[in-house]
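First listed ligand is number 1; within each ligand, the first listed atom is number 1. One-based numbering along the sequence shown. Please read these numbers as outputs of a predicted model, since none were measured by experiment.
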Amino acid sequence: MDDLPPTLHDHDSAEGLISVEEARARVLDAVSPLAPLQLALTEAYGCVSAEDVVASESLPAFASSAMDGFAVRAADVADASPERPAELKVVGKAMIGYRPEAVVGGGEAVAIATGAPIPAGADTIVPIENARVAGETVQLLEAAPAGRHVRPVGEDVAEGAVLVERGKRLGAPELGLLANAGHATPLVHPRPRVVVLSTGDELIPPTETPDFGQIRDSNAYTVFGALREAGAMPVLAGIVRDDADSLKTTVLDYLIQADAFISSGGVSVGERDVVKAAFFRRGDIDFYKVAMQPGMPQGFGQIEGKPYFGLPGNPVSVFVSFELFVRPAILTMLGRTQIERPQVRASLAADVSGPKGKMQYARVVVERGGDGWVATPTGARGSNLISTVARANGLAMIPPGTETAPAGSQVQVMVFRAGED
Ligand code: AMP
Ligand code: MG
């Protein structure tokens, strides 16, 4: 790496810090969409199409009736009316799912169900409501021009048309369309499998009761949820002690199944920190300080070509770092081009103070007020206060240079969820 490790003090000066944009650019420069794979439709759901999918056949593939009734020749019912019905001979039945055996000749009709193929010779449908059946014959009470109530071949999609464009995410309607068109294994960018590790001697799983001073691992679960929401497949690798060899071994053990790694903790103070100790000397991961609060210390690099995110340990820092750096990278790996959260401009409901020289991400609830969007902070600034994230739906951005954004001032808010219970 071309940068020297940043200075390890000066936490409140801008010295040795890189901007959020610079940190994002480093990450995004290093990731690209995963190599496309053909996946079954249920697996491909939510993935991005890696090609223009072209219809190999017309949809529908055969003309069918849009009504229950009688398939006839338009010429035979041209003068039909309730007073002077056209009387035709019923020569058969067209059923859904079968090629009709009967052929409609002059003066003939075939009973037909909605969705059944139009029998040869017929060109229009008279609905059952306008028919009176009498033994072998049917009286039709209205004229029907050719094509009425006939669903023509290719009405939905013409052969050769693009069903789904390259770059399009396969949502519910795309999946249905592809299924209908017989594209059962579309070529998509697969979901990245992301191995999640928590580092720290103090950590225990959430199923256990902490001894004094121990902490339940929350970061793995925050990251798990965030990965799922982004469309990735998290693989929880558990807690790794603050021991460089254990971390290295664990990471290497998971290498074969990982498209990326995320660890939390162990990137801040110095080489005492486990992620640094494990990977800094190998030159795999760069460690730097970003001019942001929370989430200043960050590590990012590649282990055998797989992106490795070394997030800080504090739970709020993890969430914010994920939003800013990991999520856009995951979306890029998924082949998505829309990788930004929506933003709104909102009026602050209370003062927000932050460290000068850093971008402050304040957890807020953003809501529509009578006079535009209003952002209300959800609590104190401490980066250990995960409940302030749980109550929030947005991150208000207080730019470097502003120490206190006063109540009533306008701020940009990244909205990370909307319209939920
Ligand atoms: P570190 O950067 O490893 O020193 O961690 C910073 C702070 O975050 C410490 O107070 C840790 O106890 C805490 N922390 C680290 N990892 C986790 C985790 N997985 N869950 C909850 N807290 C954590
Ligand atoms: Mg730690």
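Residue Leu203 touches ligand 1 through its side chain alone, judged by heavy-atom distances below 4.0 Å. Contact annotation for Asn384 and ligand 1: no heavy atom of the residue comes within less than 4.0 Å of the ligand.
For the pair Arg132 (side chain) and Val138 (backbone), a donor-acceptor distance under 3.5 Å is absent. Listed for the Asp273 side chain is no donor-acceptor partner under 3.5 Å among the backbone atoms of Lys276.
Neither side chain, Asn219 nor Ser198, offers a donor N or O lying under 3.5 Å from an acceptor on the other.
For the atom pair CG of Leu311 and CD of Gln298, the computed distance is 6.0 Å after rounding to the nearest 0.5 Å. Note that OH of Tyr308 is 5.5 Å distant from CG of Leu197, once rounded to the nearest 0.5 Å. Distance check: Asp242 CG to Glu202 CD gives 6.5 Å after rounding to the nearest 0.5 Å. Remark: Lys93 NZ to Glu101 CD distance equals 12.5 Å, nearest 0.5 Å. Atom CD1 of Ile118 is separated from atom CZ of Phe62 by 9.5 Å, given to the nearest 0.5 angstrom. Note that the CD1 atom of Ile330 and the CZ atom of Phe322 stand 5.5 Å from one another [nearest 0.5 Å].
Within ligand 1, the atoms closer than 4.0 Å to a non-hydrogen atom of Ser268 are 2 (O), numbered from 1 in the order shown. The contact set between ligand 1 and Gly265, taken as ligand atoms under 4.0 Å from a residue heavy atom, comprises 2 (O), 3 (O). Atom numbering of ligand 1 starts at 1 in the shown order; those under 4.0 Å from a heavy atom of Gly266 are 1 (P), 2 (O), 3 (O). In summary, the atoms of ligand 1 found under 4.0 Å from a heavy atom of Ser198, numbered by their order in the structure, are 19 (N). Within ligand 1, counting atoms from 1 as listed, the ones closer than 4.0 Å to a heavy atom of Glu202 are 11 (C), 12 (O), 15 (C).
For Ala220, no nitrogen or oxygen atom sits less than 3.5 Å from a nitrogen or oxygen atom of ligand 1, counting backbone and side chain alike. Note: no N/O pair closer than 3.5 Å links Asp273 and ligand 1 by distance alone.
Looking at atom 18 (C) of ligand 1, its nearest protein heavy atom turns out to be Asn219 ND2, 3.1 Å. For atom 19 (N) of ligand 1, the nearest protein heavy atom (residue, atom name, distance) is Asp217 OD1, 2.8 Å. Scanning the protein heavy atoms around atom 5 (O) of ligand 1, the nearest turns out to be Gly313 CA, 3.5 Å. The protein non-hydrogen atom at the shortest distance from atom 7 (C) of ligand 1 is Asn314 OD1, 3.4 Å.
By the 4.0 Å heavy-atom criterion, Ser218 is counted among the residues contacting ligand 1.
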